[in-house]
Each structure stands twice: as C-alpha cells, then as structure tokens.
2 protein chains.
Amino acid sequence: MTTTGYALLGLLALRPWTTYELAQQVRRSLSWFWPRTERKLYDEPKRLVAAGFATAREEFTGKRKRTVYEITDAGRAALRAWLGEPSAPPSMENEAMVRVFFADGGDVASLQVTLAAMADGARVRLAELEAMEGGEYPFPERRHITRLAMRLQQRQEQTMIDWATWASAEVARWDATTSPG
Amino acid sequence: MTTTGYALLGLLALRPWTTYELAQQVRRSLSWFWPRTERKLYDEPKRLVAAGFATAREEFTGKRKRTVYEITDAGRAALRAWLGEPSAPPSMENEAMVRVFFADGGDVASLQVTLAAMADGARVRLAELEAMEGGEYPFPERRHITRLAMRLQQRQEQTMIDWATWASAEVARWDATTSPG
DNA sequence: GGATGAATACTGCCGTTGGCAGTAAGTAGA
DNA sequence: TCTACTTACTGCCAACGGCAGTATTCATCC
C-alpha cells in the first residue's frame with residue numbers, strides 16, 4: 001500500500017465514489033498536497049479492492065458501465081492505523097526555481113519573466129483557494145479540518161508572492177545575472 | 001530533454017563534474033526544489049552527451065574509472081534558451097498533510113503527533129539552511145543567486161512552522177477529530 | 001603492517017508514476 | 001439532427017524511485 005492508496009482510502013471513508021468522481025474530487029482537494037494524475041486514480045482503487053480495503057460494484061447508465069467503490073471495515077481500520085504512522089518529509093518540485101538557480105546562464109530579462117510568472121501563478125492559486133473558502137462545502141461536517149489544510153496552502157502561496165516580489169526588486173538592481181552590480 | 005536534464009546542464013555550466021560529484025552537489029542544493037534520486041543522476045548525463053550538450057571523458061584513479069562531464073557550446077546555448085521558456089507550476093508532495101486532511105478517520109492524539117512532526121521537520125531543515133548560509137560557498141561569485149533561492153526555502157520552512165504551531169493550538173481545543181468542540 | 005570501515009563510482013532490476021492519446025457512450029442546446 | 005461537452009474509462013511508454021549489489025581506493029586504528 002502506497003500513500004496514494006491511503007489517500008484514496010481516506011476519500012472512500014467519506015462516502016462511496018465512482019472513479020470518475022474520485023478523480024474530480026482529488027483535483028479539487030487532495031492534489032494541492034498530493035498531486036497524482038487522473039490515470040493513476042483509475043488503477044489504485046482496484047488495488048484497494050485486492051487488499052480487502054474496499055468493494056467495487058458495477059452500475060449502469062444505459063449501456064455505459066461505471067464502478068462504484070465503497071470502503072470496508074478492514075479499510076477503515078487500515079486507514080486509522082496509517083494515520084498514526086510517521087510521514088515522509090515534504091518534497092517540493094519547482095521548475096521555476098531551477099531557472100532562478102541557474103539564472104547566470106541567461107540574461108536579467110529572462111530571470112524577471114520567470115519571477116513575474118511565479119508571482120502570477122501564486123496569485124491565481126490564492127484566488128482559487130479563496131473562492132473555495134467562500135463557496136459551498138461538499139462535506140460541511142468536515143469544515144474544521146479542511147480549514148486547517150486550506151490555511152497552510154494559502155500561507156504558502158502568500159509566501160511565494162512575497163518572495164517573488166522581493167526577489168524581483170533585488171534583481172532590478174543587478175547589472176547582469178553574473179554580477180549584483 | 002527533461003527539466004532534470006536542464007538542471008544537470010545548469011550544474012555543468014558552472015564547472016566539469018564527475019557523476020558522483022554531481023550527485024553530491026544535487027543533494028546539497030538542487031534537491032531543495034528539484035529532488036531526484038541519485039540513481040537518475042547516473043543516467044541523465046549520458047543523454048546530455050547523446051544530445052551534444054556535454055562531453056564525457058574517462059579518468060582513472062589507479063584501476064578505478066570515473067567519468068568527467070563537461071558542457072559544450074551547444075549545451076550553453078540550449079541552457080540559455082531553456083531559461084527563457086515558461087515553467088510548469090510548482091508541485092508539493094506532503095504526506096503529512098494527507099494525514100491531516102483525513103484526520104477524522106483517526107484520533108486527536110495521532111493528529112497532534114503528525115503536526116508536531118511537521119514542525120520538527122521544518123525546524124531541522126531551517127537549521128540546515130542557516131548552517132549552509134553561514135558556511136563556505138563552493139561558488140562565491142554566485143552568492144547573489146544562491147541567496148535568492150535560499151531565502152525562498154527559509155521562508156517556506158518558517159511558514160510551515162508557523163502553520164503547524166497555529167494548527168496544533170486549534171486542535172488542542174477539539175473534543176474529537178470529528179467535532180471542533 | 002593488516003584489518004576495518006567509510007568514501008568513491010557506478011550498474012541492475014523492478015514497481016510506480018506521469019502524460020498523452022484513444023475509445024465509446026450519454027446529455028444539453030441550436 | 002448535428003455538435004460539443006461530460007462521463008467513464010484503457011493502452012502505451014518514458015521517467016522516476018528505491019533497493020541491492022559490485023568493486024576499488026582511502027583513512028584510521030590497533
């Protein structure tokens with residue numbers, strides 16, 4: 001069982017889902033701190049069933065089949081046990097920072113474009129988070145928990161904006177990427 | 001060419017390296033925002049050579065062979081072009097946050113342990129960053145750039161500590177993970 | 001001087017993941 | 001009825017992670 005498996009098990013603990021619904025839900029919530037491609041979300045529930053942590057049942061909309069997954073008691077127990085285990089350290093993948101880190105291989109203009117894009121991206125995501133906070137909650141009884149998670153994400157995006165703004169002002173004083181002027 | 005390829009090309013732009021040295025250098029710097037396993041770093045330079053962006057030469061320490069990679073002019077040009085291209089959005093993998101997000105499947109004690117571990121981990125990494133800042137620089141002429149990168153990392157770790165401290169205080173008021181009391 | 005352990009310098013193997021493309025049925029609106 | 005969008009997946013392959021294993025050299029201690 002991988003972390004992705006437990007993440008999906010966590011969603012199944014809330015209610016039964018079809019894989020398609022799971023994929024949508026992951027994109028709206030989990031993907032902020034556990035990003036996985038849609039493709040993976042169609043394989044993983046099958047493994048949960050194989051492990052006895054979920055059951056699958058087939059439903060039909062006309063001729064079109066869909067699979068609904070539901071958590072088992074063993075699944076709930078496994079999730080509970082997993083919640084008590086230590087976590088791997090977080091890991092950040094930031095392609096823009098690679099460009100910043102090797103900025104002396106290019107010119108100041110390129111670096112400024114990269115920094116501006118970082119700030120813009122963070123502003124867009126922050127706006128998205130604020131829209132989510134103001135919008136409807138699919139699980140109002142879990143609001144106290146989603147509030148915790150959302151807050152960290154907001155703070156991290158804000159940190160990114162603040163840093164990019166500061167960095168851009170610093171770089172504005174440079175003669176070239178190879179000399180701080 | 002992948003981002004990992006350009007990241008290594010960026011290091012080769014600084015000086016020639018053996019793969020082993022590259023691996024060490026990645027662990028100390030790049031892995032903060034572009035984490036890759038050591039294994040990958042032994043394959044990727046071969047692809048840089050195949051693309052004409054680097055050359056490989058074999059040296060010997062007694063009987064033991066080692067491969068030294070060096071950037072080519074084509075490699076420098078490719079790096080410069082890549083620095084001007086748009087970046088993929090950052091992505092964060094945070095297993096601990098998955099545990100926080102599904103905390104209502106377990107008890108308050110487990111959640112508090114997870115939050116404490118998050119803060120501790122961030123404090124350790126922050127101390128590491130501060131030690132790096134006070135230590136020696138392998139490339140003193142690049143200090144103005146590494147300073148930018150280091151600052152973002154420090155701010156992000158500090159954000160994590162602040163959030164975990166706040167979250168822990170919030171959770172301390174809860175009766176159970178399923179009710180905010 | 002010989003043993004021991006750490007550092008150097010990789011390769012092999014295999015399971016996981018990402019990303020793109022493709023298929024096919026149902027649904028809402030012009 | 002045509003079109004475009006949504007639902008509901010599967011196939012394929014390259015990239016990646018993680019562990020184990022091999023072999024040489026170097027530093028240290030007894």
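No hydrogens, no waters, no symmetry mates; every other heavy atom, side chains included, goes into these values. Numbered from 1 within each chain, the chains take letters A, B, ... in sequence-line order. These numbers were taken from a predicted model, which means no experiment stands behind them.
- In this structure, the nucleotide among dC16(D), dT17(C), dA9(C) sitting nearest to the side chain of Arg36(A) is dT17(C).
- Across all strands, Arg66(A) comes closer than 4.0 Å only to sugar-phosphate atoms, never to a base (heavy-atom distances).
- Whole-Å rounding puts the Asp43(A) CG to dC12(D) P distance at 13 Å.
- Whole-Å rounding puts the Arg39(A) CZ to dC20(C) C1' distance at 11 Å.
- For dT8(C), one of the phosphate oxygens OP1 or OP2 lies less than 4.0 angstrom from a side-chain nitrogen or oxygen of Tyr20(B).
- Judged by closest nucleotide on DNA chain C, Thr4(A) is the one of Lys63(A) and Thr4(A) placed further toward the 5' end.
- Here salt bridge (Lys or Arg N to Asp or Glu O under 4.0 Å) pairs that include residues 83-99 of chain A, with residues two or more places apart or in two chains, are Glu93(A)-Arg36(B), Glu95(A)-Arg99(A).
- Applying the 4.0 Å criterion to OP1 and OP2 of dA25(C), one finds that Thr61(A) has every side-chain N and O outside that range.
- The phosphate of dT16(C) has OP1 or OP2 within less than 4.0 Å of a side-chain N or O from Arg47(A).
- A close approach under 4.0 Å does not occur between any side-chain nitrogen or oxygen of Thr19(A) and OP1 or OP2 of dA8(D).
- Side-chain heavy atoms closer than 4.5 Å link hydrophobic residues (I, L, V, M, F, W, Y) into clusters, and following such links, even through other members, never connects Val68(A) to Leu48(A).
- Distances shown here put a side-chain N or O of Thr67(B) below 4.0 Å from the OP1 or OP2 atom of dC10(C).
- Following rounding to the nearest Å, Tyr42(B) (OH) and dG18(D) (P) show an atom-to-atom distance of 16 Å.
- Within 4.0 Å of Pro35(B), counting heavy atoms only, lie sugar-phosphate atoms of the nucleic acid but no base atom.
- Judged by closest nucleotide on DNA chain C, Lys40(A) is the one of Lys40(A) and Arg64(A) placed further toward the 5' end.
- In the set dT8(C), dG18(D), dA8(D), dG18(D) carries the atom at the smallest distance from any side-chain atom of Thr37(B).
- There is no side-chain donor-acceptor pair under 3.5 Å between Thr165(B) and Asp162(B).
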Derivation of the side-chain contact (heavy atoms from CB on, under 4.5 Å) call for Met1(A) and Trp82(A): CA-CA 10 Å; Met1(A) 280 288 292; Trp82(A) 179 77; over 6 Å; no

